[in-house]
Novice: 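This is the structure I want to talk about, given as structure tokens.
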Number of protein chains: 2
Amino acid sequence: MVKPVTPDIRRTLTLRDVSEASGVSEMTVSRVLRNRGDVSETTRERVLEAARRLGYVPNKIAGALASQRVNLVGVIIPSLSNMVFPEVMTGISDVLEDTGLQPVVGVTNYLPEREESVIYEMLSWRPSGLILAGLEHSAASQAMLAQAGVPIVEIMDIDGTPVDSAVGISHRRAGRQMAETIVAAGYRRIAFLGTQMPNDHRAKKRLAGFEEALGREGLLLADREFYSGGSALLKGREMTEAVLKRSPDVDFLYYSNDMIGAGGLLYCLDQGIDVPGRVGLAGFNGVELLDGLPRRLATMDACRLDIGRLAAEIIAGKRPDGIVGGEIIELSPTLQPGDTIRKV
Amino acid sequence: MVKPVTPDIRRTLTLRDVSEASGVSEMTVSRVLRNRGDVSETTRERVLEAARRLGYVPNKIAGALASQRVNLVGVIIPSLSNMVFPEVMTGISDVLEDTGLQPVVGVTNYLPEREESVIYEMLSWRPSGLILAGLEHSAASQAMLAQAGVPIVEIMDIDGTPVDSAVGISHRRAGRQMAETIVAAGYRRIAFLGTQMPNDHRAKKRLAGFEEALGREGLLLADREFYSGGSALLKGREMTEAVLKRSPDVDFLYYSNDMIGAGGLLYCLDQGIDVPGRVGLAGFNGVELLDGLPRRLATMDACRLDIGRLAAEIIAGKRPDGIVGGEIIELSPTLQPGDTIRKV
DNA sequence: ATCTGCTATGTTACCGCTAACAGCCATTTG
DNA sequence: CAAATGGCTGTTAGCGGTAACATAGCAGAT
């Protein structure tokens, strides 16, 4: 009862083709291909054989419309070239892998209006959930998220009010903690070097926390320098040179990320500057790159893998004890002192 | 004629809701929201106002099924943490941005069976096109791609036979060219350091081309070292140390990528080894990171941005003069000699 | 022999939207 | 003034699947 394949006229195949080729109803084919419901072993094999032979690929568009179920999870991040988001993605993929859910990535380039349109686009595919970086969104974005009717997880940051769930660290606290460590190590003339990104709220919060903790010790930032665009490593060098020339008495450089910190470290070593004696250095993120540097930059791990994992677990409904939504998970970043802060 | 909104019972909204709220047919609403067909200015505004007020987000699943058009382009790459693919993505996004097409990323981790399932998954969403890295795929993957009935662009590599179109460089030739340059500069005891990845076909082709060109000069690789996993920068250091200890007479180190090359460079500088006098170094890719290093590593730009751009143009039907498919575009990587090869 | 309960398969009615076409009205045209 | 035109809006029939229910066998219980 096996109809011959006619490979000449190339319409795209449907369930009906497989159904005719295998001599059972479309419904039965559908059941076989989804492993759902009882199908006898013989028909199952006949159907699978026919599907394979024809090269049938199910149409998820139609399936999703009919079943009102979409196995996609939207992931909205500011940038891919950041080193930090690929690792978050890894955590997400790890967890989703065995749930049948699939991540779909959208990139905003730190632009709120881009974010808005990416959210709109994503929601128009009716995904099973949305993971997005940050707690700061435009009013329109907030409204869409609140209306979406699917789990929303805001990641990276927890200093604020999430729409639904949140997983991240307190960047404010991270900044404070770093400041306390630096001051405890005896540094007093401290400069900040960071990105000139009006929409990098997390870097801003770290700086705010940092200055707050300095303030408690009666200190002010001795200098500050911002950059935008270009190679982070190179910019780190340039900014470091600029700051050290402008403020020769500075004894600590706090960088908003590890890449520019690494550039600063390389610059100091090149110049024969005593690190951490003459100046101390610290970055943020705990990127793998640092392992290969001549000296280990002090940094703070942002728990990126765990953030990804936990966010995915929330979407996948894998959180323990039937926690449903509106969960806020604060992770504790660990400070890695490395070799660029004086030992007390 | 504006019906009141009932925000209490949260069904997900459909065209019908907007239609009722604005007093026109669903079809007219659809036309307004897609900017298609003639609609009077007054109804257009009334509809838009209602849609905004309700917070309506169209259901693309239904739209795609009805119109048989999907504005998604699948992009399948081996890894996100590679530095190289984010840049390809940037090129793709740049071009797709103003075409209404949207990239959807899938990651294979260099596993053919993962690739197979990602291709299947992607095709089941009936995208407008597929961009995927490399020319080597399983038989099943090849079959699916050939059947897909949409433009397929294989990127990065052109040493082989594409299913449809291809955009990339010849890695074999890139390897040859680097070997010729190195030999011309007077180096004779040359070692290769690379990743232990059975499925990184492009690195393999570079090495093959490299050895071929060495062979023509009557040379053989003096040593070789492979690694897998871990921080590439750190591994670069370790491998370099291992090779230089094992084969002290080696005078050139060719790395399969810039990250391990950068690690090697840092190691040599640490050890006070004369670069490029005592040993020369070269990597591959032209990553931005190198700009910040104390010395510029010799490398070869892989044209990643252009590859992304051209691939997207093929999918978007933007290629000049009505070229339709089956196009093979070979780009020429430029050799950047940097400061780690002796000047002749 | 009839009834029950199960397994394996088929039938029907959508899912939410859009292509294609049909209709209506106000203008313009011959 | 009837017919043609063109701008705007509505109606109908799917797109390719799946949920829910219906049905056909068939074994074992009564």
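Every chain is numbered from 1, with letters handed out A, B, ... down the list of sequences. Scope of the values below: all heavy atoms of this structure, side chains included, with no hydrogens, waters or symmetry mates. Just so you know, these numbers come straight off a predicted model, no measurement behind them.
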Novice: Which residues pass the side-chain contact (heavy atoms from CB on, under 4.5 Å) test with B:L65, sequence neighbours left out?
Specialist: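 side-chain contact (heavy atoms from CB on, under 4.5 Å) list for B:L65, sorted by chain: A:I61, A:A62, A:L65.
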Novice: Got a sec, which residues hit side chain to side chain donor-acceptor pair (under 3.5 Å) with B:N59, two or more places apart in sequence or on another chain?
Specialist: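 Not a single residue meets the side chain to side chain donor-acceptor pair (under 3.5 Å) criterion with B:N59.
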Novice: Please report the distance, rounded to the nearest Å, between CZ in A:R69 and P in D:dT18.
Specialist: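 Between P of D:dT18 and CZ of A:R69: 10 Å.
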Novice: I'd like to check the side-chain contact (heavy atoms from CB on, under 4.5 Å) partners of B:E136; sequence neighbours left out, ordered by chain and number.
Specialist: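 For B:E136, the residues satisfying side-chain contact (heavy atoms from CB on, under 4.5 Å) (neighbours in sequence not counted) are B:D157, B:H201, B:K205.
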Novice: Where each residue is assigned the nucleotide of DNA chain D containing its nearest heavy atom, which of A:R31 and A:K60 is assigned the position nearer the 5′ end?
Specialist: A:K60
Novice: Over how many whole Å does the gap from B:I61 atom CD1 to D:dC15 atom P extend?
Specialist: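 Whole-Å distance recorded here is 18 Å.
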Novice: Using the C1' atoms of the five pairs at each end, what is the angle between the end axes of the helix from C:dA1-D:dT30 to C:dG30-D:dC1, to 10°?
Specialist: 50°
Novice: Determine, for B:D98 against B:K318, whether the closest basic-nitrogen to carboxylate-oxygen distance falls under 4.0 angstrom.
Specialist: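 Yes, charged N to carboxylate O under 4.0 Å.
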Novice: Look for any protein N or O under 3.5 Å of an N or O in nucleotides 24-27 of chain D and output each such pair with its distance, or none.
Specialist:
none

Novice: Can you list every side-chain hydrogen bond (donor to acceptor under 3.5 Å, both in side chains) pair that touches residues 84-93 of chain A, not counting sequence neighbours?
Specialist: A:E87-A:R304
Novice: What residues in residues 34-41 of chain A put a non-hydrogen atom under 4.0 Å from any atom of DNA chain D?
Specialist: A:R34
Novice: CZ of B:R44 versus C1' of D:dC8: gap in Å, rounded?
Specialist: 12 Å
Novice: Select from B:M27 and B:L65 the residue whose nearest nucleotide in DNA chain C is closer to the 5' end of that strand.
Specialist: B:L65
Novice: Can you confirm whether A:S22 sits close enough to A:V29 that some side-chain heavy atom of one is under 4.5 Å from a side-chain heavy atom of the other?
Specialist: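 A side-chain contact under 4.5 Å exists here.
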Novice: If I take atom CG in residue B:L15 and atom P in nucleotide D:dT9, what distance separates them, rounded to the nearest angstrom?
Specialist: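 Spelled out: CG on B:L15 to P on D:dT9 is 16 Å.
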Novice: Applying side-chain contact (heavy atoms from CB on, under 4.5 Å), name anything that partners A:T43, two or more places apart in sequence or on another chain.
Specialist: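 A:V24, A:V39, A:S40, A:R46.
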Novice: Counting C-beta onward and ignoring hydrogens, is there a side-chain heavy-atom pair between A:V75 and A:V88 closer than 4.5 Å?
Specialist: no
Novice: Could you name each residue pair satisfying side-chain hydrogen bond (donor to acceptor under 3.5 Å, both in side chains) that touches residues 99-111 of chain A, not counting sequence neighbours?
Specialist: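 Every pair satisfying side-chain hydrogen bond (donor to acceptor under 3.5 Å, both in side chains) with a residue in residues 99-111 of chain A: A:N82-A:Y110.
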Novice: Got a sec, which residues hit side-chain contact (heavy atoms from CB on, under 4.5 Å) with B:V57, two or more places apart in sequence or on another chain?
Specialist: A:Y120, A:L123, A:S124, A:R126
Novice: First contact, last contact: which nucleotides of DNA chain C are these for chain A, 5' to 3', heavy-atom distance under 4.0 Å?
Specialist: C:dA8 to C:dG16
Novice: How about B:I92 and B:I131: do any of their side-chain heavy atoms sit closer than 4.5 Å?
Specialist: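 Side chain of B:I92 against side chain of B:I131, heavy atoms only: contact under 4.5 Å found.
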Novice: To the nearest angstrom, how far is B:R46 atom CZ from D:dT9 atom C1'?
Specialist: 12 Å
Novice: Please, which pairs that meet side-chain hydrogen bond (donor to acceptor under 3.5 Å, both in side chains) have at least one residue in residues 305-316 of chain B, sequence neighbours excluded?
Specialist: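 Applying side-chain hydrogen bond (donor to acceptor under 3.5 Å, both in side chains) to every pair that reaches into residues 305-316 of chain B, excluding sequence neighbours, yields B:D94-B:R309.
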Novice: Quick one: A:Q68 CD to D:dA19 C1', roughly how many Å, whole number?
Specialist: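 Rounded to whole Å, this separation is 11 Å.
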Novice: Taking CZ from B:R126 and P from D:dG17, how many angstroms apart are they, rounded to a whole number?
Specialist: 7 Å
Novice: Looking only at side-chain N and O atoms, does A:E327 offer a donor or acceptor that is under 3.5 Å from a partner on A:S165?
Specialist: no
Novice: For atom CZ of A:R34, is the number of surrounding heavy atoms from other residues, nucleotides or ligands below 6.0 Å larger than 12?
Specialist: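 Result for CZ/A:R34: enclosed.
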